[in-house]
Amino acid sequence: MSEPDSDKVDLRSEIPRFRPAAPPPSFGEFVENMRRLQDLAVCVDATDEVYQQARDRAAELVELLAPYAAREGKGPANRSMDLPGRGSLLMPPFHVEKFDEESVVARGVLRRYHLGGGGVAHGGVLPLIFDDNFGNVVYAAKRPISRTAYLHVNYRKVTPLDVPLIIEGKVDRVEGRKTFITARLTEEDGTLLADGEGLMVQLLPGQP
Ligand SMILES: CCCCC/C=C\C/C=C\C/C=C\C/C=C\CCCC(=O)SCCNC(=O)CCNC(=O)[C@H](O)C(C)(C)COP(=O)(O)OP(=O)(O)OC[C@H]1O[C@@H](n2cnc3c(N)ncnc32)[C@H](O)[C@@H]1OP(=O)(O)O
């Protein structure tokens with residue numbers, strides 16, 4: 001990639017400047033295969049012979065990729081805006097559909113590797129979805145770079161897997177350095193699954 005390898009930070013903070021990536025063509029399929037692998041890793045019931053082969057092939061993949069490990073903000077993961085979850089395996093595979101000062105809306109599915117129990121999503125995944133939405137809302141609203149001070153999620157219904165989900169978040173109010181954000185996670189028909197509220201606090205110069 002011809003991007004400058006710069007340590008420059010966003011002028012508003014010490015956080016590395018956020019630069020969207022144009023990933024190489026195969027990167028998206030690589031990430032989707034990795035997600036599929038995660039689905040399988042949490043659900044297969046195989047023989048030791050199969051696990052031995054899987055172990056060895058996983059080790060080969062590690063060997064292939066390890067030389068290319070790069071610092072934050074350099075590789076395409078987490079910065080590929082056209083890929084689900086920005087191409088980050090940490091992020092649930094959601095696509096941002098609306099990103100402006102009024103609100104940020106993202107749509108996606110949780111899948112087998114997000115299973116908690118009883119066939120539905122692990123509750124711990126939801127704060128990740130809300131936190132990411134809050135970060136986007138702050139950015140879309142052109143508020144200064146901020147970090148989450150608190151995040152509260154109300155679980156209204158169990159969250160299904162493999163069903164399209166929508167999260168919409170917006171700025172509720174601003175008080176000095178503090179941006180209060182509210183968001184709702186729904187199914188496509190509007191069924192409310194969870195709502196959340198968070199406080200994002202503007203970082204001061206030098207705060208990590
Ligand atoms: C992260 C950058 C995001 C950039 C987005 C970029 C691009 C967008 C495009 C793509 C999207 C990419 C990414 C977006 C995704 C994710 C973003 C997620 C963000 C995070 O996931 S980030 C990690 C979790 N986060 C932390 O790791 C924070 C650790 N922590 C601290 O860094 C400090 O704690 C800090 C800085 C929060 C405050 O510290 P501080 O010393 O500067 O300020 P202080 O304590 O004085 O608080 C000032 C006023 O907030 C009130 N206040 C504070 N805390 C409160 C609480 N809990 N409850 C109620 N009120 C509270 C005080 O009462 C006072 O209020 P008042 O002024 O009225 O007295």
Side-chain angles (χ1 to χ4, degrees), residues 1 3-23 27-28 31 34-35 70-110 114 121-155 165-185 194-208:
M1 221 174 287
E3 250 179 316
D5 183 12
S6 160
D7 283 334
K8 276 186 193 164
V9 294
D10 188 299
L11 294 176
R12 298 176 296 182
S13 81
E14 297 299 315
I15 293 174
R17 183 191 298 276
F18 183 86
R19 290 193 184 84
F27 177 71
V31 176
M34 292 296 292
R35 289 192 195 277
R71 63 164 172 74
E72 178 184 347
K74 187 87 168 43
N78 206 36
R79 312 190 290 133
S80 295
M81 308 309 281
D82 293 335
L83 295 179
R86 298 189 299 276
S88 166
L89 278 185
L90 172 67
M91 300 312 306
F94 278 52
H95 268 295
V96 174
E97 294 184 340
K98 180 175 185 287
F99 184 90
D100 59 34
E101 293 189 32
E102 181 197 41
S103 69
V104 173
V105 178
R107 184 187 304 256
V109 293
L110 296 179
H114 298 113
H122 192 299
V125 178
L126 270 62
L128 178 57
I129 298 172
F130 278 89
D131 195 27
D132 197 61
N133 177 265
F134 292 173
N136 276 276
V137 167
V138 163
Y139 204 69
K142 301 188 170 59
R143 293 284 301 149
I145 292 287
S146 304
R147 279 197 188 275
T148 315
Y150 73 72
L151 164 54
H152 182 102
V153 174
N154 298 307
Y155 297 88
L165 306 173
I166 298 164
I167 183 158
E168 174 164 23
K170 51 188 68 172
V171 173
D172 181 63
R173 64 191 190 281
V174 171
E175 296 172 9
R177 292 171 61 206
K178 300 188 288 188
T179 308
F180 293 87
I181 295 174
T182 55
R184 287 161 52 87
L185 182 73
D195 52 70
E197 192 227 345
L199 167 60
M200 307 294 285
V201 175
Q202 174 188 353
L203 295 180
L204 298 173
Q207 278 185 322

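Worth saying up front: this structure is predicted, and the values here are computed from it rather than measured. One-based numbering, in listed order, for ligands and for the atoms of each.
- If you take CD on Gln202 and CZ on Arg147, they are separated by 13.5 Å, rounding to the nearest 0.5 Å.
- For atom 20 (C) of ligand 1, the nearest non-hydrogen atom from the set Leu151, Val138, Val137, Thr148 belongs to Thr148.
- Residue Ile129 is tested with Asp132, Val125, Asn133 for a side chain to side chain contact (heavy atoms under 4.5 Å, CB included); the sole match is Val125.
- Considering backbone and side-chain atoms alike, Arg177 places an N or O below 3.5 Å from some N or O of ligand 1.
- A 6.0 Å sphere centred on CZ of Arg184 holds no more than 12 heavy atoms belonging to other residues, nucleotides or ligands.
- For a threshold of 3.5 Å applied to N or O pairs, the pair formed by Gln207 and ligand 1 contains at least one separation below that value.
- Of all the listed residues (Gly198, Ser146, Gly135, Ala149), Ala149 holds the heavy atom that lies closest to atom 57 (N) of ligand 1.
- Panel note: side chain Arg107, backbone Ile166; no donor-acceptor pair is recorded below 3.5 Å.
- Within the 4.0 Å heavy-atom shell around ligand 1 one does not find Gln202.
- Within 6.0 Å of atom CG in Asn154, more than 12 heavy atoms from other residues, nucleotides or ligands are found, so the atom counts as buried in its surroundings.
- Residue contacts with ligand 1: Asp131 is placed with a nitrogen or oxygen under 3.5 Å of a nitrogen or oxygen of the ligand (distance criterion only).
- Taking a cut-off of under 4.0 Å to the non-hydrogen atoms of Asn136, the atoms of ligand 1 that pass are 9 (C), 10 (C), 11 (C).
- Using a cut-off of 4.0 Å between Lys/Arg side-chain N and Asp/Glu carboxylate O, Glu102 and Lys170 are scored as not salt-bridged.
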